[in-house]
Amino acid sequence: MKGAGYILVHTPDMITHYGTTQTSERIVNPESEYLKNIEANLRPYERVRAYYPNQTYIGNITPLELKEIEGPWQDLECPVDERYGKYGEIMPQDEFYLLIQAVDEFELVFLEKSFVEATKPKLEQDPIITPYVLGRIKEGVESERIDDMVASEDAEGLYMGDKLVGAVKKAHAFDPNLSAHVMVENLVSKASSALALMYAVKNAGIDRDEVEYTIECSEEACGDMNQRGGGNFAKGIAEIAELSRSTGSDVRGFCAAPAHAVLVAAGLVKAGIFKTVAVVAGGSTAKLGMNGKDHVKKGLPILEDVLGGFAVIISENDGVNPELNTDVVGWHSVGTGSAPQNVIASLTTDALDKVGLKVTDVDYYSPEMQNPDITKPAGAGDVPTANLKMIGALAVRRGDIDRKELNAFVEKHGLPGYAPTQGHIPSGVPFMGHARDGILSGEMNRVMIVGKGSLFLGRMTNLFDGVSFLMEPNSGPKEEAAGVSTDEIRRIIAQSLRDFASGLVEAGE
Amino acid sequence: MSILDGKKVIVIGDRDGIPGPAIALCAESAGAEVIFSATECFV
Amino acid sequence: MDLENQKRVKDLTEEYGPENVVVLLGAAEGEASGIAAETVTAGDPTYAGPLTGVSLGLVVYHVCEDEVKEEFDPDVYDEQVSMMEMVLDIDEIAEEMQAIREEYTKY
């Protein structure tokens, strides 16, 4: 694994207009107190930046550092409140609206002229944004035209507070799969994933032309009424990131999709089909404010106010970077059933048993990394900790550890949740960037990434799903890497050191 | 008196607790008929 | 509780009669168990779903509560659920469930 990109986008005004909790409430309970008070419960961008979990996600704080800070974190002020982090950034809403237009190929996105004039110079300051992306942003149209589009119900609005600053038109006269609402969802997913992908390529220190295959693994569906989930977000995203030698495809599997996608990527690379593969996913507008009613009821701000995106680069063994050990892969099979002990065994011990490893031989487990600030008030508990307890409880049942050691096991091998509840985004992969750093620095030896998914939400099967894999230190140049010259290895090591040093400088700023 | 034997049972499982099908098997083992089983997801 | 699930609970209760229906929950926490239990007894406390203002008064247990646990085949329970007893706060869940049943269950 060569590198990762992690990005967040603060989208407070998309919560009201696109989060399903809010849009459902508008249908069933239009006069509710909750809807009236949403605005008062939103966090400003500065608060979102000075939030521990967000700074952990973009890499300015490590999960191990976060572990030392007792939560809930929403009332604390993180001493690091940078927009940019080691892996990516926290983009504000106004600049993101421009990015949505930049990824639109079909003239569906319209932005108001003065808004573009005011915002474009800001986006130009973002070092990851390329001239190609900037060149795709249009001058803008008069505000009356935007008002008309939204009023005529052929378009969904893009708002900054109460102010309408843009519109996204439907892409077909009556096809619900190309409605304005769906187009917003898909363009947002595309824009946020493109941003993450650009960071991953930069952070991996590779040339854009090295990426030969891109796998997208969000939970969105793009297509029309003849092929509702026709797909290939991947290729469209690679196009925006200027990966001109890449093809790609989409992998779906609810929240487990990113872990499946990384496995597919590792397989393609190991088989020698492609040398470098990118795995990417963007954010979900539907999940914004998903548990907002519970948060507001408990006097909290609406904490699901950011979109998440991630990308990782998997390439041939370079003799330096951490390896994805394909001998230690766990999967929930059709026959596994839904009993928690069987589910957890299929994802952890079944895989570890194959190579004679014990549960305690893995330094850290990264299961579902949902931020407990968000899930606890909603009644879902602390999800990563519950997962660790399950792994520990399984170890107790197997006699690997004593019942008395369960809490100590959770404390030692667990990680705090810091990812936004964006479905697929928290599922194991948020830790891959940190794990790469930890393994490269020698701080960690084995890390298990676990993705789980709720397939039953699609009403096609009652089955649960999940896959897992192990990240380990590089075992040294093997046969595959025999052709790599000493100079090449020196170059890679030098690049890693430079990345590490610049990360330190950025973190220190 | 039995709570479950001969009853119609509705199962509302939880993805992060006990999933529906696991509960349904328990209910059936107690002589109940499961008429609906779902699993909820908060995340 | 999910709106579709509320609808199913409501329809099935009408079909089979509330006295014949028992609800079993698998929630991860005391509070979430309490809310789900309240939904199928007193009505949806979040005022969002079809059970808003509908007091079904159903018999409702969490799968880990002793009262129902002793009716299950122990082997099945051991295989399907028991590990979660180490993970969930069973006392807290049982306390919430007990309180809701005492107040709202009619059968």
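Labels below follow one simple rule: chain letters A, B, ... track the order of the sequence lines, proteins then strands, and each chain is numbered from 1.
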Region of A/Ser338 in contact with chain B, defined by heavy-atom distances below 4.5 Å
both
Is A/Gln422 in contact with chain B via its backbone, its side chain, both, or neither, using a 4.5 Å heavy-atom distance?
neither
Does B/Phe36 have any ring pair (Phe, Tyr, Trp, His ring centres under 6.0 Å) partners at least two apart in sequence or in another chain, and if so, which?
none
Residues of residues 296-307 of chain A near chain B, each having a heavy atom less than 4.5 Å away:
none
Determine which residues belonging to residues 450-464 of chain A lie within contact range of chain B, meaning some heavy atom pair is under 4.5 Å apart, and list them by number or answer 'none'.
A/Lys452, A/Gly453, A/Ser454, A/Phe456, A/Leu457, A/Asn462, A/Phe464
How would you list all residue pairs meeting salt bridge (Lys or Arg N to Asp or Glu O under 4.0 Å) that involve residues 24-43 of chain B, not counting sequence neighbours?
B/Lys8-B/Glu33
If you count every heavy atom of other residues, nucleotides or ligands that lies below 6.0 Å from A/Lys293 atom NZ, does the total exceed 12?
yes
State, to 0.1 Å, how close A/Met390 and B/Asp16 come at their nearest heavy-atom pair, and which atoms those are.
CE-O, 4.2 Å
